[in-house]
Chemist: 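Can you keep this structure in mind? I'll have questions shortly.
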Protein chains: 2
Amino acid sequence: MTVSERGARERMVFSAAQLIRREGVAATGMREVAAHAGAPRGSLQHYFPGGKEQLVNEAVEWAGRYAGGRVARFLAALPEPTPSGLFAAMVRQWTDEYASAGFAGGCPVAAATVDWAESTVSTRAAAAQAFATWTGPVARALTDMGVPEERAGALATLMVSALEGAILLARAEQDVRPLATVATELGPLLDAAVRREG
Amino acid sequence: MTVSERGARERMVFSAAQLIRREGVAATGMREVAAHAGAPRGSLQHYFPGGKEQLVNEAVEWAGRYAGGRVARFLAALPEPTPSGLFAAMVRQWTDEYASAGFAGGCPVAAATVDWAESTVSTRAAAAQAFATWTGPVARALTDMGVPEERAGALATLMVSALEGAILLARAEQDVRPLATVATELGPLLDAAVRREG
DNA sequence: GGCGCACTATGACAGCGGTCATAGTACGCG
DNA sequence: CGCGTACTATGACCGCTGTCATAGTGCGCC
């Protein structure tokens with residue numbers, strides 16, 4: 001409740017997400033998280049008595065909320081909201097980062113799924129929840145744009161899948177080309193799903 | 001050159017790929033690979049003097065060749081080859097595995113990218129190469145079906161991206177729904193890219 | 001038999017991981 | 001002042017990892 005709790009605890013979760021998305025879950029150490037957050041090592045067991053499992057899960061949940069929250073911001077920034085415009089904005093966030101900061105990081109939820117989900121069930125569940133809190137707002141945005149409800153969910157899944165995969169390819173190739181490709185190829189398909197009215 | 005070399009060495013690479021796609025690269029130990037392959041521990045430094053880095057890279061390359069090779073088999077099994085049919089076959093391989101063996105494994109190339117690429121440059125390059133040897137045959141198949149060359153590469157990237165992302169979501173959700181979704185949603189788009197002749 | 005080569009077998013080592021135990025500080029409250 | 005609570009500080013422990021060193025086995029070949 002104090003300021004320091006909001007500060008140190010939250011900072012450690014944030015740092016965990018940052019490190020996880022760069023190095024992976026297994027390669028990210030607890031001491032490393034504390035150091036990156038500028039937090040004392042002793043705070044780890046104070047704030048996260050559940051150990052690494054708890055810290056990782058909270059980082060994954062944080063990432064899910066972050067991604068879901070971005071959707072509203074993207075929509076607000078679009079002059080005229082269209083499905084392709086939303087997807088382009090989602091993709092652009094990554095092309096911008098890769099252009100400015102290099103290809104060091106990926107999606108923390110993807111990292112947790114790939115390299116921790118099998119051994120730690122709660123983390124797998126947290127990843128599923130994170131994807132849900134991400135695709136949810138996307139699907140809602142699509143329906144608001146006139147996409148029929150029965151397709152909005154499917155298209156949101158497609159958008160997130162294509163984006164995650166493109167992030168993967170882009171990191172491997174060290175090139176934003178896959179990201180640009182999925183944005184341009186998927187755009188028309190997404191816009192075509194809008195129910196024409198009048 | 002002897003039988004045992006083909007046997008033990010290859011088996012270890014295969015086992016490495018298997019373990020990596022389940023647990024991730026960092027969580028997969030060398031001793032574990034040898035045990036899984038039924039190979040003696042001493043063979044590790046004999047066949048892979050480059051250490052874990054070499055073993056991981058070979059596993060990634062093997063996975064890339066495997067994925068690329070599957071494309072031809074999928075095509076051969078299709079009564080009438082269409083882009084959507086090829087993509088459906090690629091997706092079905094994963095839905096079948098998840099249905100029969102559970103959601104334990106993902107794509108080893110994705111695992112290597114997410115959790116080893118940042119620290120080991122050669123592995124990142126191997127992952128990029130693996131993706132290239134996978135998308136290559138896909139793009140070639142598309143052109144053979146009548147997709148214009150300038151779009152075939154882009155669509156191949158889209159297919160692989162969507163598939164990789166859907167694998168991720170499916171593992172997290174423990175449900176093949178994302179895989180089925182991308183297959184049905186992307187099918188029409190892919191078929192529409194075929195150059196209508198006559 | 002003797003030599004060389006491919007392969008196998010172990011044991012040790014140094015480092016790092018997460019976690020636990022224990023103690024110490026700071027501060028608000030009565 | 002005394003006490004409790006929140007937080008910090010360290011150090012130790014044990015298990016595991018990749019790697020190296022050293023020695024041993026089997027087999028073909030002269």
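Order of the sequence lines sets the chain letters (A, B, ...), proteins ahead of strands, with each chain counted from 1. Computed from a prediction, not measured in an experiment: that's the story for all the values here.
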Chemist: Rounded to whole Å, please give me the gap between CG in A:Leu19 and C1' in C:dG17.
Modeler: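 Between C1' of C:dG17 and CG of A:Leu19: 15 Å.
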
Chemist: Where the side chain of A:Arg22 meets the backbone of A:Gly105, is there a donor-acceptor pair that is under 3.5 Å apart?
Modeler: no

Chemist: Side chain of A:Arg31 only, please: which of C:dT8, D:dT17, C:dT19 is the nearest?
Modeler: C:dT19

Chemist: Where the side chain of A:Lys52 meets the backbone of A:Thr28, is there a donor-acceptor pair that is under 3.5 Å apart?
Modeler: yes

Chemist: Starting at atom CZ of A:Arg11, determine the distance to atom C1' of D:dT8, rounded to an integer number of angstrom.
Modeler: 14 Å

Chemist: For B:Asn57 and B:Ala126, indicate whether the former's side chain and the latter's backbone hold a donor-acceptor pair under 3.5 Å.
Modeler: no

Chemist: Listed in order of residue number, which residues of residues 115-126 of chain A have a non-hydrogen atom at under 4.0 Å from DNA chain D?
Modeler: none

Chemist: Could you measure the distance from the CD atom of B:Gln93 to the CE atom of B:Met90? Nearest 0.5 Å is fine.
Modeler: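 Here the rounded value is 9.0 Å.
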
Chemist: Over how many whole Å does the gap from B:Glu53 atom CD to D:dG18 atom C1' extend?
Modeler: 12 Å

Chemist: Let me know the distance between CG of A:Leu44 and P of D:dG11, rounded to the nearest Å.
Modeler: 17 Å

Chemist: Take A:Ala26 and A:Pro49, find for each the nucleotide of DNA chain C with the closest heavy atom, and name the residue whose nucleotide sits nearer the 5' end.
Modeler: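 Its nearest nucleotide being more 5', the pick is A:Ala26.
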
Chemist: Name the closest nucleotide to the A:Pro40 side chain, picking from D:dT8, D:dT17, C:dT19.
Modeler: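 Between D:dT8, D:dT17, C:dT19, the one nearest the side chain of A:Pro40 would be D:dT8.
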
Chemist: When the distance from OH of B:Tyr47 to P of C:dA6 is rounded to whole Å, what number comes out?
Modeler: 11 Å

Chemist: Check whether any side-chain nitrogen or oxygen of A:His46 sits under 4.0 Å from OP1 or OP2 of D:dC7, and answer yes or no.
Modeler: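 Yes, such a contact exists.
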
Chemist: Just so I know, are the side chains of A:His36 and A:Val33 near enough to count as touching, which here means a heavy-atom distance under 4.5 Å?
Modeler: no

Chemist: Checking the side chain of B:Arg124 only, and the main-chain atoms of B:Thr113 only, is there a donor and an acceptor separated by less than 3.5 Å?
Modeler: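 No.
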
Chemist: Without decimals, in angstroms, what is the distance between A:Glu23 CD and C:dC16 C1'?
Modeler: 15 Å

Chemist: How close or far is atom P of C:dT8 from atom CZ of B:Phe48, stated in whole angstroms?
Modeler: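 After rounding, the reported distance stands at 11 Å.
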
Chemist: From C-beta outward on A:Arg41, which listed nucleotide comes closest to its side chain: C:dT10, D:dT10, C:dA9?
Modeler: D:dT10

Chemist: Between A:Gln45 (CD) and C:dT19 (P), how many Å, whole number?
Modeler: 10 Å

Chemist: So that I can tick it off, tell me whether B:Glu149 and B:Arg140 are bridged by a salt bridge, with the cut-off set at under 4.0 angstrom between side-chain N and carboxylate O.
Modeler: no

